[in-house]
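Worksheet: one structure, shown below.
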Amino acid sequence: GMAGLRRALLEDEVLDVEALWDAMDDFKQAMILASRDKYALHEAIASSKIGVILYKCLKMKDRSRKYFANAIQLALSLQPVDVSQEEWYKEASLCEQEIQRAAVQEEAKQEHLRRGKYMDRLKPEFDVLDAKKAQGFEVFVSFLLNNYPPPRAMPTSEEKQSSKKRLLFAIRAYHPDKVPDGSDDESKCKFYLYEHIAKLLNDIYEQSEKGATLDATSTEDEGKEGKSDKEEEKEKDEGMFV
């Protein structure tokens with residue numbers, strides 16, 4: 001197998017595909033014999049070499065992954081023997097990392113394309129939401145309640161809830177995770193809409209933490225009612241925010 005691989009890669013200016021397939025057949029046979037005789041090291045090396053042929057030479061990265069994964073798993077099974085500095089292991093690990101990075105980048109690219117489609121569609125609503133938020137918290141939250149009512153009823157200013165508590169309730173109510181999972185357009189639009197609303201609400205919260213005053217009338221006992229500021233901070237730390 002190694003001789004065939006060197007011949008396919010080095011001896012000809014043009015890649016010898018037939019020689020590569022022959023080398024891969026030899027490595028597969030070596031894997032079978034090594035597995036039968038319980039020579040995990042030899043099986044791991046052969047599996048790594050097959051992965052390299054598929055990934056680097058034949059550009060079949062999806063097929064190569066199972067061979068790289070098998071080689072790495074077999075290498076781990078050899079512990080306490082350490083093969084991490086062996087060339088075949090380093091090559092298998094490096095190739096697997098490259099494939100994983102490429103997969104993450106491709107997914108990010110596809111998500112950007114999917115997201116862009118919905119961002120364009122929702123831009124008019126985003127502009128209205130941005131304008132309402134600029135008019136103050138009470139105007140903004142009233143607009144949300146009238147146009148995008150949350151699943152749970154939100155306390156109104158007439159219920160003597162402090163603005164801070166209503167803001168925290170709104171951040172929970174409009175968290176994008178509240179949107180039921182779904183691949184249809186309506187679910188996706190609602191998810192990105194809630195995501196934008198949550199971003200605006202979090203911005204209001206951050207500004208209030210820096211000293212900005214919410215425009216609703218707070219009760220004199222704001223610090224005494226319901227949850228304390230420490231409890232509110234605990235809720236924030238537990239992941240309510242986007």
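Side chains are part of it too, since the values below use all heavy atoms of this structure and drop only hydrogens, waters and symmetry mates.
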Side chains of Lys109 and Glu106 in contact at under 4.5 Å (non-hydrogen atoms): yes
Inter-residue atom distance Leu167.CG - Arg172.CZ, 0.5 Å rounding: 10.0 Å
Residue pair Ile99 / Lys61: nearest heavy atoms and the distance that separates them: CD1-O, 4.0 Å
Nearest non-hydrogen partners of Lys188 and Tyr118, listed with the distance: CB-CZ, 3.4 Å
Arg114/Glu107 ion pair, N-O < 4.0 Å: yes
Test log, rule side chain to side chain contact (heavy atoms under 4.5 Å, CB included), inputs Trp21 and Ile53: CA-CA 9 Å; Trp21 284 109; Ile53 292 173; over 6 Å; no
Linked, directly or transitively: Leu74 and Phe27 (ILVMFWY side chains, under 4.5 Å): no
Glu111, CD: over 12 other non-hydrogen atoms inside 6.0 angstrom: yes
Rounded distance [0.5 Å steps], CE in Met31 versus CE in Met24: 11.5 Å
Non-hydrogen side-chain atoms of Tyr174 and Val141 separated by less than 4.5 Å: no
Pairing of Arg166 and Glu138 as salt bridge, 4.0 angstrom limit: yes
Chi angles and distances behind the side chain to side chain contact (heavy atoms under 4.5 Å, CB included) call for Arg36, Glu43: CA-CA 10 Å; Arg36 184 194 65 187; Glu43 184 182 355; over 6 Å; no
Verify same cluster id: Leu33, Tyr67 (apolar side-chain graph, 4.5 Å): no
CG-OH distance between Asp62 and Tyr55, expressed to the nearest 0.5 angstrom: 11.0 Å
Heavy-atom pair of closest approach, residues Ala75 and Ala44: N-CB, 4.5 Å
Shortest non-hydrogen separation from Ala92 to Ser48 and the atoms involved: CB-OG, 3.6 Å
More than 12 heavy atoms from other groups under 6.0 Å of NZ on Lys90: yes
Pairwise side-chain contact, Leu129 with His196, heavy-atom cut-off 4.5 Å (strictly under): yes
Backbone N/O of Asn70 and side chain of Ser47: donor-acceptor pair under 3.5 Å: no
Euclidean distance, Asp37 CG relative to Ile32 CD1, rounded to 0.5 Å: 12.0 Å
Shared hydrophobic cluster, Val81 / Ile45 (ILVMFWY, side-chain heavy atoms < 4.5 Å): yes
Cluster link Leu78 to Ile72, ILVMFWY, side chain under 4.5 Å: yes
Test item: Ser93 side-chain N/O and Tyr89 main-chain N/O as donor-acceptor pair under 3.5 Å: yes
Side chains of Asp177 and Tyr194, donor plus acceptor under 3.5 Å: no
Salt bridge (charged side-chain N to carboxylate O under 4.0 Å, His left out) between Asp203 and Lys199, worked out: CA-CA 6 Å; Asp203 183 61; Lys199 178 182 175 183; over 6 Å; no
Min side-chain heavy-atom separation Glu98-Leu94 under 4.5 Å: yes
Test log, rule side chain to side chain contact (heavy atoms under 4.5 Å, CB included), inputs Val179 and Leu193: CA-CA 10 Å; Val179 179; Leu193 183 64; over 6 Å; no
Set of residues satisfying side-chain contact (heavy atoms from CB on, under 4.5 Å) with respect to Lys56, sequence neighbours excluded: Val52, Glu91, Cys95
Donor-acceptor side-chain pairing of Tyr148 and Glu125 below 3.5 angstrom: yes
Verdict with supporting geometry, Gln29 and Asp25, side chain to side chain contact (heavy atoms under 4.5 Å, CB included): CA-CA 6 Å; Gln29 185 63 29; Asp25 287 340; over 6 Å; no
Nearest-0.5 Å distance, CZ of residue Phe169 to CG of residue Leu201: 12.0 Å
Spacing of Gln100 atom CD and Arg65 atom CZ [to the nearest 0.5 Å]: 5.5 Å
Same apolar cluster: Val83 and Tyr39, side chain cutoff 4.5 Å: no
